[in-house]
There are 2 protein chains.
Amino acid sequence: MNAEAHDARVDAVFHALGDVTRRAILERLSRQPAAVSELAAPFAMSLAAVGQHVQILERSGLVRTEKSGRVRTCQIDPEGLSLARQWIDERKRLWEQRFDRLANFLDEDEPE
Amino acid sequence: MNAEAHDARVDAVFHALGDVTRRAILERLSRQPAAVSELAAPFAMSLAAVGQHVQILERSGLVRTEKSGRVRTCQIDPEGLSLARQWIDERKRLWEQRFDRLANFLDEDEPE
DNA sequence: CCTTTGTTGAAGTTTTCACTTCAGTATTTG
DNA sequence: CAAATACTGAAGTGAAAACTTCAACAAAGG
């Protein structure tokens with residue numbers, strides 16, 4: 001995968017995670033798969049709105065869906081979560097690496 | 001910390017991460033601390049805009065800043081990243097736990 | 001078959017958000 | 001001290017995003 005495509009995926013994932021409703025949907029789906037109407041039940045918003053959120057989650061790769069009959073069943077796609085996690089871990093890694101370098105520098109410079 | 005406050009922090013962090021520019025700022029800061037004007041340099045947008053992004057990052061807990069003289073120096077606050085990571089890991093954990101339960105169920109039901 | 005259920009597309013509305021400009025403040029530098 | 005630098009607050013603009021309603025449609029159930 002080239003860099004732009006990767007960035008576009010990261011962008012889609014973090015954009016999707018940026019919304020409270022979509023995160024609530026993911027929390028629900030992390031327990032077990034559910035139909036769109038089941039996902040919509042706890043919310044004070046229209047079914048159509050929840051359906052749109054599901055589409056965004058699916059396009060981002062955080063959720064996979066399958067339609068059987070008239071019911072669309074949704075489940076977590078762990079790949080999407082992994083992508084977000086990787087990005088975060090990489091930032092943390094670089095940041096901590098910097099501390100290590102700093103410590104080494106101080107050790108060399110002032111060995112008592 | 002109560003649940004609402006935790007949710008509010010999670011919300012602020014993921015909202016902050018939802019923007020490409022802010023993620024780029026974090027990428028820059030993961031290498032080393034920088035002043036607001038340094039952060040702004042690579043972008044085709046006003047200094048004020050970048051300053052606003054920094055404020056959002058700071059309120060979310062992803063970045064810590066300190067003003068000395070007229071320069072505000074920014075650095076990563078790893079706590080914010082940890083919070084995001086914890087949320088993601090918890091979803092992954094629950095999701096995988098579900099697979100384990102399913103496997104156990106199948107083992108019991110059809111022990112060959 | 002008729003009705004209900006579950007979803008989807010399209011179009012319109014409202015809210016949120018990123019960004020701009022500009023004025024104002026504090027700090028440094030020549 | 002004057003000029004340049006580094007922000008910062010406020011107010012406004014435009015676009016994106018969330019949400020609504022309504023119409024259409026296919027699949028199930030009675």
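Predicted model only: the values in this text are computed from it and were never measured. The chains referred to below are lettered A, B, ... by the order of the sequence lines, with proteins before strands, and numbering in each begins at 1.
Near DNA chain C, defined here as any heavy-atom distance below 4.0 Å, there are no residues from residues 13-29 of chain A. A heavy atom lying under 4.0 Å from DNA chain D marks the following residues of residues 64-75 of chain B, by number: B/K67, B/R70, B/V71, B/R72.
Within the structure, salt bridge (Lys or Arg N to Asp or Glu O under 4.0 Å) pairs that include any residue of residues 1-21 of chain A comprise A/D11-B/R23 (at least two apart or interchain). The salt bridge (Lys or Arg N to Asp or Glu O under 4.0 Å) pairs that include a residue from residues 61-73 of chain A are A/R64-A/D77, where partners are two or more places apart or lie in different chains.
Checking A/M45 against B/L47, the closest nucleotide of DNA chain D that is more toward the 5' end is the one next to B/L47.
Atom CG of B/L62 sits about 8.5 Å away from atom CG of B/L83, to the nearest 0.5 Å. The CD atom of B/E58 lies 3.5 Å from the OG1 atom of B/T65; values are rounded to the nearest 0.5 Å.
Closest approach of A/S60 and A/V13 over heavy atoms only: O-CG2, 3.3 Å.
Nucleotides of DNA chain D with any atom under 4.0 Å from a heavy atom of chain A span, from 5' to 3', D/dA17 to D/dA28. Scanning DNA chain C 5' to 3' for nucleotides with an atom closer than 4.0 angstrom to a non-hydrogen atom of chain B gives a first and last hit of C/dC17 to C/dT28.
Heavy atoms of A/A35 sit under 4.0 angstrom from primed sugar atoms or phosphate atoms, though from no base atom. Contact annotation for B/S37: backbone-only contact, meaning every heavy-atom pair under 4.0 Å involves sugar-phosphate atoms and none involves a base. B/Q52 comes within contact range of at least one nucleobase, with a heavy-atom separation under 4.0 Å.
A/V20 and A/V63 fall into different hydrophobic clusters, where Ile, Leu, Val, Met, Phe, Trp and Tyr residues are linked whenever their side-chain heavy atoms come under 4.5 Å apart, directly or through other members. Note on A/V10: it clusters hydrophobically with A/W95, by side-chain heavy-atom contacts below 4.5 Å among ILVMFWY residues.
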List, one per line, each side-chain donor-acceptor pair under 3.5 Å for residues 45-54 of chain B, sequence neighbours excluded.
{"residue": "B/S46", "atom": "OG", "partner": "B/A49", "partner atom": "N", "Å": "3.1"}
{"residue": "B/H53", "atom": "ND1", "partner": "B/R22", "partner atom": "NH1", "Å": "3.1"}

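Looking at residues two or more places apart in sequence or on another chain, you find no salt bridge (charged side-chain N to carboxylate O under 4.0 Å, His left out) involving A/R28. A search for salt bridge (charged side-chain N to carboxylate O under 4.0 Å, His left out) contacts involving A/E96 returns nothing, not counting sequence neighbours. Shown here are the side-chain contact (heavy atoms from CB on, under 4.5 Å) partners of B/A5, two or more places apart in sequence or in another chain: B/M1, B/N2. The salt bridge (charged side-chain N to carboxylate O under 4.0 Å, His left out) test applied to B/R93 returns B/E90, not counting sequence neighbours. By the salt bridge (charged side-chain N to carboxylate O under 4.0 Å, His left out) test, A/E38 is found to be paired with no residue, residues two or more places apart in sequence or in another chain being considered.
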